[in-house]
2 protein chains.
Amino acid sequence: MKPTVHDIARSAGVSLATVDRVLNGRPGVRRITQEKVEEAIAVLGYVRDVAAANLAKGRTYAFTFVLPENDNSFMIGLREEVEQAVGRSGAERTRIRVVDVPPFDGQALSNMLDGVLADRPDGVAFVAVESSDVQAAVARLREAGIAVVTLVSDLPGSQRHHFAGIDNHAAGRTAANLLGRFLSGRDGRVAMVAGSMLVRDHRERLEGFLSVLSEDFPRLAILPVIEARDDPAIAEELVTGLFRRYPDVIGLYSLGAGNRGILKAVRSLPEARRPVIIAHELTRSTRAALADGVVDAVLNQDAGHEVRSAIRVLKAKADGLPVIAAQERIRIDIFLKDNLP
Amino acid sequence: MKPTVHDIARSAGVSLATVDRVLNGRPGVRRITQEKVEEAIAVLGYVRDVAAANLAKGRTYAFTFVLPENDNSFMIGLREEVEQAVGRSGAERTRIRVVDVPPFDGQALSNMLDGVLADRPDGVAFVAVESSDVQAAVARLREAGIAVVTLVSDLPGSQRHHFAGIDNHAAGRTAANLLGRFLSGRDGRVAMVAGSMLVRDHRERLEGFLSVLSEDFPRLAILPVIEARDDPAIAEELVTGLFRRYPDVIGLYSLGAGNRGILKAVRSLPEARRPVIIAHELTRSTRAALADGVVDAVLNQDAGHEVRSAIRVLKAKADGLPVIAAQERIRIDIFLKDNLP
DNA sequence: CTGAAAGCGCTTACAG
DNA sequence: CTGAAAGCGCTTACAG
């Protein structure tokens with residue numbers, strides 16, 4: 001039988017309370033007592049039953065998710081995943097609050113983080129915008145002992161504990177690899193549509209994409225990046241203009257959101273003129289475009305995985321426990337029309 | 001506060017034992033009593049704390065995994081994942097036993113399943129071989145009330161409860177799509193190397209691959225499939241012979257295991273003659289080949305996911321509970337050199 | 001610095 | 001058909 005706290009108490013000749021103290025590194029145990037207990041733990045090969053511990057503790061974790069008010073399918077999906085996590089709160093011993101901020105606005109985000117700080121939650125997750133204000137707000141959260149995780153877009157150099165998102169540099173490289181190979185042998189221009197260069201995830205995708213394209217596919221000419229603020233309407237207009245100006249665009253990398261608008265612009269083109277397209281995030285519109293051949297590949301980050309990972313990490317950090325990095329890595333999914341889930 | 005069994009007992013005016021009886025659908029409760037309890041459950045919005053229930057039950061699940069003695073990296077990796085699950089047995093309340101069978105041998109597999117049946121485990125997971133003997137053995141397991149899950153390769157038409165593996169037809173289609181596009185514009189022959197047509201997963205991949213290739217890429221000529229029994233040595237020999245006979249092989253789909261041997265044969269070719277290659281399963285050798293450009297894409301099934309899913313499903317079936325199909329779907333991962341984990 | 005006792009939310013014999 | 005009591009493996013005041 002698996003040894004329990006009772007076994008180790010008996011074996012060490014101490015009470016349950018003392019076992020619990022050394023198990024949880026709580027103070028007030030004589031050195032010699034502690035050693036006896038540790039000896040017993042080692043000898044019996046004790047491993048704590050986490051479920052039972054949680055039951056006894058009855059601890060709940062207060063977490064706040066700060067999400068941008070972006071009107072695109074990915075953010076809406078992310079929000080839904082957070083709502084689902086709220087729904088699981090009972091079973092997971094969490095109390096999750098969601099607050100909104102304007103997108104791409106470092107000032108607004110840092111103000112909101114300060115507001116969140118005031119309720120002293122156990123942890124905060126947010127989609128980062130690059131700005132020194134935000135860096136400073138993170139420092140204040142950490143100072144207050146609050147666990148901090150960035151979600152989807154990171155803020156390296158800040159004191160956040162962890163980033164729950166994909167390797168965006170790798171995503172950009174992957175997109176370039178696919179686009180380049182799908183266009184193999186052809187000459188022409190390649191366009192890129194981003195949300196904003198103020199968010200790290202888009203900047204990193206762009207960098208990765210450009211480096212592979214210029215290195216491995218020098219016959220493709222690269223147009224300046226378009227910033228459409230992840231807004232379908234803006235994207236549609238800008239992309240329509242782009243096609244008017246450059247009739248020889250044969251490849252398009254949509255590295256942000258707002259694909260609905262981009263795809264509308266593409267569909268209004270005669271079929272022969274439509275470029276090969278690599279887009280991000282599997283949504284209703286990219287899925288449909290993949291199915292009917294307008295989009296050739298979709299790189300995806302699983303918002304559900306990201307939210308669940310963020311919560312696991314926040315719990316661990318709130319308890320001062322380490323996280324298993326490999327377990328929390330978020331994969332870049334690649335979808336073609338044939339492996340749609 | 002979340003309501004507990006105490007709350008619903010009080011509200012319904014019954015004892016804890018009675019609450020437990022209706023909660024778990026156990027017999028011996030008068031209709032009217034049951035209704036009172038159900039009413040209270042509905043009114044208070046009770047949802048059971050599974051962790052506490054498991055703690056109280058102290059139930060453990062005896063599961064047996066039947067694995068083929070295949071000497072390839074994927075099977076070795078799968079085995080390791082099962083071993084890891086054995087390591088988690090304490091926390092997961094499982095007792096997992098692993099038994100070996102010769103590969104591609106329906107007779108041996110069905111004998112082993114009968115042997116397993118004799119110890120009456122709560123559940124069995126196995127890599128299927130298509131054969132009526134195996135079908136019959138599954139029927140006997142089910143008759144004995146044992147939960148049955150196929151792993152990696154399925155046995156549709158049998159009475160297995162569930163298949164923990166990828167959609168292999170979709171995998172074959174995906175491979176054809178990638179290979180066809182990577183070869184766009186070129187003419188030549190495409191070769192396929194399988195393990196054996198006796199296992200469903202390989203047959204389905206082949207079918208999917210052929211259907212897309214013949215439909216969407218008619219300029220590619222398809223060679224007859226090679227069966228290398230997932231054995232690196234056999235594969236190396238057969239593929240070497242193939243290249244000798246057909247100097248114009250420009251594409252290769254390795255849909256089984258034994259990639260080590262296939263890649264050795266390819267590497268001995270002058271660079272200019274090497275085909276575009278799509279292979280299955282991310283192992284040490286396919287990963288290295290992806291990194292140095294010998295392999296162009298790898299389709300992967302995550303053996304860890306499959307094993308954990310199989311265990312979750314076996315538990316649910318052993319308890320007569322339903323499984324959430326969407327949650328147990330195993331994805332087809334696509335890896336290029338740029339998105340390696 | 002240490003321990004006895006109660007309790008977390010369930011389930012399980014056992015008695016009636 | 002129903003209930004009182006003990007127990008699963010931990011943690012937590014409280015007392016000493």
Side-chain angles (χ1 to χ4, degrees), chain A residues 1-38 40-41 44-61 88-94 315 318-321, chain B residues 1-38 40-41 44-61 88-94 315 318-321:
Chain A
M1 283 307 319
K2 259 186 71 185
T4 71
V5 276
H6 290 96
D7 300 317
I8 99 128
R10 191 174 335 112
S11 162
V14 300
S15 74
L16 288 179
T18 297
V19 172
D20 188 70
R21 286 184 190 102
V22 353
L23 237 30
N24 292 287
R26 279 187 267 272
V29 184
R30 265 192 310 169
R31 177 66 165 277
I32 175 116
T33 315
Q34 169 167 348
E35 279 165 3
K36 276 193 302 185
V37 174
E38 278 164 353
I41 290 175
L44 300 187
Y46 170 81
V47 18
R48 157 214 278 84
D49 181 329
V50 186
N54 283 335
L55 175 59
K57 279 201 280 244
R59 184 204 205 304
T60 68
Y61 301 83
R88 294 190 303 268
S89 281
E92 295 186 345
R93 304 180 178 281
T94 51
K315 276 185 176 176
D319 288 338
L321 266 34
Chain B
M1 283 306 318
K2 259 186 71 185
T4 71
V5 275
H6 290 95
D7 300 317
I8 97 129
R10 190 173 338 110
S11 163
V14 300
S15 74
L16 288 179
T18 295
V19 173
D20 189 70
R21 286 185 189 102
V22 352
L23 237 29
N24 292 288
R26 279 187 267 271
V29 184
R30 262 191 311 169
R31 177 65 165 277
I32 175 112
T33 315
Q34 169 166 346
E35 280 164 1
K36 276 193 301 184
V37 174
E38 278 164 353
I41 290 176
L44 300 186
Y46 170 83
V47 18
R48 109 127 72 23
D49 181 329
V50 186
N54 283 335
L55 176 59
K57 278 201 281 244
R59 186 204 205 302
T60 68
Y61 301 83
R88 294 190 303 268
S89 280
E92 296 185 346
R93 304 180 180 280
T94 51
K315 277 185 177 176
D319 288 338
L321 266 34

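For the numbers below, each heavy atom of this structure counts, side chains included, while hydrogens, waters and symmetry mates do not. Here the structure is a predicted model, which means the values were calculated and not measured.
Scanning all heavy atoms of the two residues, the minimum distance from B/Ser11 to B/Leu44 falls at CB-CD1, 4.0 Å. Annotation for B/Ala12 and B/Val37: closest pair CB-CA, 4.0 Å, computed over non-hydrogen atoms. Nearest approach of B/His6 to B/Leu16, heavy atoms of both residues: NE2-CD1, 3.7 Å.
With A/Tyr46 as reference, A/Val5 is the one residue of A/Val5, A/Asp7, A/Val19 to meet the side-chain contact (heavy atoms from CB on, under 4.5 Å) rule.
For C/dG3, one of the phosphate oxygens OP1 or OP2 lies less than 4.0 angstrom from a side-chain nitrogen or oxygen of A/Thr18. A close approach under 4.0 Å does occur between a side-chain nitrogen or oxygen of B/Thr33 and OP1 or OP2 of D/dT2. A/Arg48 has no side-chain polar atom (N or O) that falls below the 4.0 Å cut-off from OP1 or OP2 of D/dC10. Between A/Asn54 and D/dC10 there is no side-chain polar atom (N or O) within less than 4.0 angstrom of OP1 or OP2.
Residues meeting the salt bridge (Lys or Arg N to Asp or Glu O under 4.0 Å) test with B/Arg48, sequence neighbours left out: none. Here A/Glu38 pairs with nothing under the salt bridge (Lys or Arg N to Asp or Glu O under 4.0 Å) rule; sequence neighbours left out. With sequence neighbours excluded, the residues that form a salt bridge (Lys or Arg N to Asp or Glu O under 4.0 Å) with B/Arg93 are A/Asp49.
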Applying the Watson-Crick and G-U criteria (both distances under 3.5 angstrom) with [ ] for crossing and | for other-strand pairs, one obtains for DNA chain D |||.||||||||.|||

Identify the pairs formed between an N or O of the protein and an N or O of nucleotides 4-8 of chain D at a distance under 3.5 Å, and give each distance.
residue: D/dC8; atom: O2; partner: B/Ala56; partner atom: N; Å: 3.2

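When distances run from any side-chain atom of A/Asp20 to the nucleotides D/dG9, C/dC10, D/dT12, the shortest one goes to D/dT12.
If you check every strand for non-hydrogen atoms under 4.0 Å, B/Val29 touches sugar and phosphate atoms only. Contacts of A/Val14 with the nucleic acid, taken as non-hydrogen atoms under 4.0 Å apart, involve only primed sugar atoms and P, OP1 or OP2. At a threshold of 4.0 angstrom between heavy atoms, the contacts of B/Arg26 are confined to the sugar-phosphate backbone, with no base atom among them.
Counting only distance, with no hydrogens or angles, the side chain of B/Thr94 and the backbone of B/Tyr61 share no donor-acceptor pair below 3.5 Å.
We find that CD1 of A/Ile8 is positioned 9 Å from P of D/dC10, with the value rounded to whole Å. In this structure, B/Leu44 places its CG atom 15 Å from C1' of C/dG9, rounding to the nearest Å. Per the geometry, CG belonging to A/Leu23 stands 11 Å off C1' belonging to D/dT11, to the nearest Å. Taking atom CZ on A/Arg59 and atom P on D/dT11, their separation rounds to 13 Å, with Å as the unit. For the pair A/Ile41 CD1 and D/dG9 C1', the computed distance is 14 Å after rounding to whole Å.
Residue whose closest nucleotide on DNA chain C sits further toward the 5' end, between A/Ile32 and A/Arg93: A/Ile32.
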Which pairs would a plain distance check flag for residues 25-33 of chain B, meaning a side-chain donor or acceptor within less than 3.5 Å of a matching protein atom at least two apart in sequence or in another chain?
residue: B/Arg26; atom: NH2; partner: B/Asp20; partner atom: OD2; Å: 2.4
residue: B/Arg31; atom: NE; partner: B/Glu35; partner atom: OE2; Å: 3.1

